[in-house]
Enquirer: 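Dropping a structure here in structure tokens format, bear with me for questions.
Chain letters run A, B, ... following the sequence lines, proteins first, then strands; residues in each count from 1. Just so you know, these numbers come straight off a predicted model, no measurement behind them. Below, each value reflects all heavy atoms present in this structure, side chains not excepted, and no hydrogens, waters or symmetry copies.
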There are 2 protein chains.
Amino acid sequence: MVTIFDVVRHAGVSSSTVSYVLNGTRRISEATRGRVLRSVAELGFHPNAGARTLAGRRSHIIALVMPLHRGVYVPIMTEIAISVTTTARRHGYDVLLVTNDEGPEGVRRVAASGLADGVILMDVELDDQRIPALRAQGTQAVLIGLPDDPHGLSCVDHDFAAAGALCAEHLADLGHREIAFIGYGSGVYQRHAGYAERTLTGFRERAGQRGLRFLDRPCEGTYESTAGTLARIVADRPRTTGFVVQNEAAIGPLLSLLHSSGRSVPEDASVVALCPEQLAEQYAPALTAVSGPTRELGRVAVDQMIRRLTDARRGAQPEDERPLLTPTLTPRQSTARLSVPKEPS
Amino acid sequence: MVTIFDVVRHAGVSSSTVSYVLNGTRRISEATRGRVLRSVAELGFHPNAGARTLAGRRSHIIALVMPLHRGVYVPIMTEIAISVTTTARRHGYDVLLVTNDEGPEGVRRVAASGLADGVILMDVELDDQRIPALRAQGTQAVLIGLPDDPHGLSCVDHDFAAAGALCAEHLADLGHREIAFIGYGSGVYQRHAGYAERTLTGFRERAGQRGLRFLDRPCEGTYESTAGTLARIVADRPRTTGFVVQNEAAIGPLLSLLHSSGRSVPEDASVVALCPEQLAEQYAPALTAVSGPTRELGRVAVDQMIRRLTDARRGAQPEDERPLLTPTLTPRQSTARLSVPKEPS
DNA sequence: TTGTAAGCGTTATCAC
DNA sequence: GTGATAACGCTTACAA
């Protein structure tokens with residue numbers, strides 16, 4: 001194993017100089033800097049991680065806690081994980097993958113042992129059990145999602161209210177006047193209602209401003225429940241021509257129900273989905289959809305973490321930030337300008 | 001921070017005793033063992049990771065290198081990553097997520113710095129640049145996939161030959177006599193041909209044994225190339241009734257081409273896919289498919305890694321293992337017994 | 001069955 | 001602008 005003292009001998013400097021050169025934490029003359037770097041390269045020196053962690057009291061590792069349970073769209077989680085990892089590397093950090101099956105004890109362990117300098121939590125629930133654990137340790141944390149009480153930590157999430165508003169806006173622009181909003185089932189609203197409610201609120205508000213008549217209905221996402229939901233909508237508001245689907249699971253059922261009931265999309269009914277781009281493109285017709293910038297979510301989370309760690313190191317109290325990322329609506333084949341309804345002859 | 005010396009004082013024992021109790025590396029009387037564990041729990045002691053790594057010369061961390069490039073089916077990679085993580089935890093190891101954008105330098109870094117005790121490589125190419133880097137360091141490595149020259153490291157992969165054989169077997173059992181095998185494009189064969197070729201070999205062999213007449217054709221997986229491939233197959237072998245699709249990208253095109261050319265699946269043509277279960281279920285009709293045990297892949301990789309690390313620690317030369325996991329065929333709606341062809345009236 | 005103490009290879013404080 | 005050196009908190013011979 002190549003140690004710092006091999007470099008010391010090879011470059012003819014002290015170990016502190018080598019350390020300072022490598023960490024950039026002290027002004028070094030170009031001459032010695034060059035010599036040290038050359039020796040490092042020549043010898044293939046890689047500072048020992050354990051020693052570095054012990055002496056520096058930080059591991060340069062960020063723990064990323066991934067959800068396991070069904071119901072999360074895997075490719076999105078993976079994309080976030082990857083953007084977290086690459087962003088972390090750019091800051092000289094590595095990423096430790098922690099699954100949720102250890103529960104709150106998992107984050108406690110990695111934080112208390114100094115294995116990780118900070119923790120990024122994905123798929124946060126409103127009343128998340130891991131948050132008190134993190135606070136108790138004084139661990140730096142960034143959440144992807146918004147919990148009930150985010151004090152003492154930073155969060156980042158999509159601007160779901162803006163997403164809801166975009167849906168209303170788009171359908172209004174296309175001349176639709178009666179809209180149905182198909183939401184999630186009650187389970188979701190209880191567990192991490194945050195985004196579900198925020199979307200609905202944003203939608204409602206903009207729909208009101210644009211003079212839309214609208215209806216919102218919960219939906220479990222099964223074929224049966226979607227059928228029931230659609231039937232009620234048609235019964236209550238037969239002139240509904242626009243649909244906003246929030247529950248991704250209901251998209252497939254909705255499309256085939258519309259089809260089998262003789263309404264074609266987008267001629268007779270426009271459908272806007274709130275879902276990832278990849279999903280929207282899988283359907284036929286491809287769905288006009290509102291989605292947030294996935295990779296950005298990971299990038300921002302890491303940037304926040306780095307800021308917190310830097311502040312904490314300087315003895316400053318890290319600022320709790322809470323940015324919301326702006327979603328975009330991508331028009332595809334499932335929405336169209338409202339045409340004059342064909343009268344039955 | 002709670003250190004081992006806090007436990008020492010609280011339990012009235014020496015630091016080595018605490019260490020031995022926690023690591024189980026020495027016989028300890030039940031009495032002291034109990035006292036130590038109680039103190040540990042009471043004080044909430046978590047051994048400092050950096051110190052542990054430095055003193056013990058191992059990090060209890062396994063690096064998992066994930067592929068980034070398009071063309072890999074993300075949910076599968078994620079599933080493997082999760083099974084790697086949970087299995088590693090059962091052995092007291094954590095998992096460091098490494099992406100491939102650092103190239104061979106990434107594995108060199110985590111290994112040489114002692115950040116990771118070993119490296120698990122996913123999506124291995126035949127002539128993988130990271131392998132020489134690992135060998136040069138003497139790093140313990142396990143590959144998911146089979147490279148050209150696997151000496152000095154362990155591998156685990158699906159038994160693709162068995163998978164190919166299962167396809168032939170199934171179609172033969174259903175009475176099909178003329179089969180077309182739709183493979184990958186030339187790019188795949190060059191990059192990591194391993195599995196592509198092995199599958200084809202297994203298929204060929206069993207097809208021969210069962211007296212099938214067969215044809216194999218490469219396919220890039222685009223709609224156009226699939227159309228071309230299918231056209232050639234029909235031209236060369238008009239009586240073909242069974243299709244084996246290896247290139248997942250060609251599945252969608254193939255199904256719609258068969259449909260639009262008036263052959264219905266499974267009445268007129270049976271289709272067997274070589275792909276993950278999740279994918280097979282997404283199509284209409286749901287595909288009869290051969291797939292390997294995904295989670296098992298991660299589990300076995302970690303078990304092999306642990307064995308290598310244990311051996312190496314004992315001063316023994318780790319054994320290079322190379323297990324192949326047995327795939328299974330799940331019959332769904334895309335295959336059926338060959339019916340007597342309808343004569344045009 | 002338990003204790004003593006010498007490292008492990010950095011970082012960061014102090015001194016120059 | 002550079003050097004010497006004392007931590008950092010464990011593990012693991014070696015002793016008893």
Enquirer: So, are B/D303 and B/R308 salt-bridged, with charged N and O less than 4.0 Å apart?
Expert: no
Enquirer: Calculate the interatomic distance between B/H60 atom NE2 and C/dC8 atom C1'; express it in whole Å.
Expert: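 To the nearest whole Å, that distance equals 14 Å.
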Enquirer: Per the side chain to side chain donor-acceptor pair (under 3.5 Å) rule, which among A/Q140, A/E321, A/E319 passes with A/R307?
Expert: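 So, applying the side chain to side chain donor-acceptor pair (under 3.5 Å) to A/R307 and each of A/Q140, A/E321, A/E319, only A/E321 qualifies.
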Enquirer: Is there side-chain contact between A/I120 and A/V65, with at least one heavy-atom pair below 4.5 Å?
Expert: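 No, too far: nothing below the 4.5 Å cut-off.
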Enquirer: At under 4.0 Å between heavy atoms, how does the protein contact nucleotides 9-16 of chain C? Give one character per nucleotide, 5' to 3', with B, S or -.
Expert: BBSBBB--
Enquirer: Which heavy atom in A/G298 sits nearest to a heavy atom in A/S83, and how many Å separate them?
Expert: CA-OG, 3.2 Å
Enquirer: Can a salt bridge be assigned to the pair B/D149 and B/R135 using a cut-off of 4.0 Å between side-chain N and carboxylate O?
Expert: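 Result for this pair is yes, salt bridge flagged.
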